[in-house]
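Note sheet for the following structure.
Note that these values count all heavy atoms, side chains included, but never hydrogens, waters or copies made by symmetry. All figures in this text were calculated on a predicted structure; none of them were measured in a lab.
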Amino acid sequence: MKTSKILLLLFLTSMLSGQNNLFNKSPLLNHKKIIGSWIFESMTTIKKAKREEITILYKDKKNLETLKFEDSGAINFNVINDGIEKNGKGIWFAENNYLTIIVESDTTYGTYSVDGNTLMLIINAEETENTYGYSTILKYIHQK
């Protein structure tokens, strides 16, 4: 009887520790998916005005962007927006599906998901006295 209680206790302990390790690995693997170079495909902005406005911008010769998320937490970007080029570096970090990017004095908070070769960034801004709230959905394709 005493031996069966000990075996049951060992079995339950091993099951719980196995589940705990499974949960701990999941967020780490999600963060690894974002590492690499990503090429801009589209941006959809939904402005939450009296009448909702939707603007969609697609990649073209005047609107190009490449993001490179490095394992060290560094991010490099090359952007051409309406023909104006800007390059820079910053830092990034993620927790669960939340992403923070800091470039100079600008900090961007959002969520992200990686599905196959597609990275989706969603950035929400609350309404203020001067501006309407909005949601922006950015789509990137993994660069090989």
For the atom pair [atom1] ([X]) and [atom2] ([Y]), what is the distance rounded to the nearest 0.5 Å?
| X | Y | atom1 | atom2 | result |
| --- | --- | --- | --- | --- |
| I35 | S72 | CD1 | OG | 8.5 Å |
| T100 | E95 | OG1 | CD | 9.0 Å |
| I91 | F69 | CD1 | CZ | 12.5 Å |

A side-chain contact here means heavy atoms from C-beta on lying under 4.5 Å apart; do [X] and [Y] qualify?
| X | Y | answer |
| --- | --- | --- |
| N78 | F40 | no |
| N63 | N81 | yes |
| I101 | L67 | no |
| T111 | M120 | no |
| T55 | K47 | no |

* Can you tell me if CD on E104 sees more than 12 non-hydrogen neighbours from other groups inside 6.0 Å? -> no
* Asked: Between T66 and K68, is a side chain to side chain contact (heavy atoms under 4.5 Å, CB included) present by the stated rule, with each step listed?
  -> CA-CA 7 Å; T66 302; K68 184 177 182 186; 5.6 Å; no
* Would you please name every residue forming a salt bridge (charged side-chain N to carboxylate O under 4.0 Å, His left out) with E41, sequence neighbours left out? => K59
* To do: Identify whether I34 and I102 are in the same connected component of the hydrophobic contact network (ILVMFWY, side-chain heavy atoms under 4.5 Å).
  => no
* Asked: Are Y112 and I39 grouped together when hydrophobic residues (ILVMFWY) are joined by side-chain heavy atoms under 4.5 angstrom apart?
  -> no
Between side-chain atoms of residues 132-143 and protein atoms elsewhere (two or more places apart, or another chain), which donor-acceptor pairs fall under 3.5 Å?
{"residue": "S135", "atom": "OG", "partner": "K48", "partner atom": "NZ", "Å": "2.9"}
{"residue": "S135", "atom": "OG", "partner": "N124", "partner atom": "OD1", "Å": "2.5"}
{"residue": "Y140", "atom": "OH", "partner": "E65", "partner atom": "OE1", "Å": "3.2"}
{"residue": "Y140", "atom": "OH", "partner": "E65", "partner atom": "OE2", "Å": "3.3"}

What's the shortest heavy-atom distance between [X] and [Y], and which atoms?
| X | Y | result |
| --- | --- | --- |
| D71 | K32 | OD1-NZ, 3.1 Å |
| V79 | F77 | CG2-CD1, 3.8 Å |
| N76 | K89 | OD1-CG, 3.0 Å |
| L99 | A94 | CD1-CB, 4.2 Å |

* Side chain of D60, backbone of K62: donor and acceptor closer than 3.5 Å? -> yes
* So, does W92 use its side chain to make a donor-acceptor pair with the main chain of A74 at under 3.5 Å? -> yes
* Structure fact -> The remaining residues in the hydrophobic cluster of Y58, counting side-chain heavy-atom contacts under 4.5 Å among Ile, Leu, Val, Met, Phe, Trp and Tyr, are I46, I54, I56
* To do: Take L121 and T108, measure what side chain to side chain contact (heavy atoms under 4.5 Å, CB included) needs, and give me the verdict at the end.
  => CA-CA 11 Å; L121 301 178; T108 303; over 6 Å; no
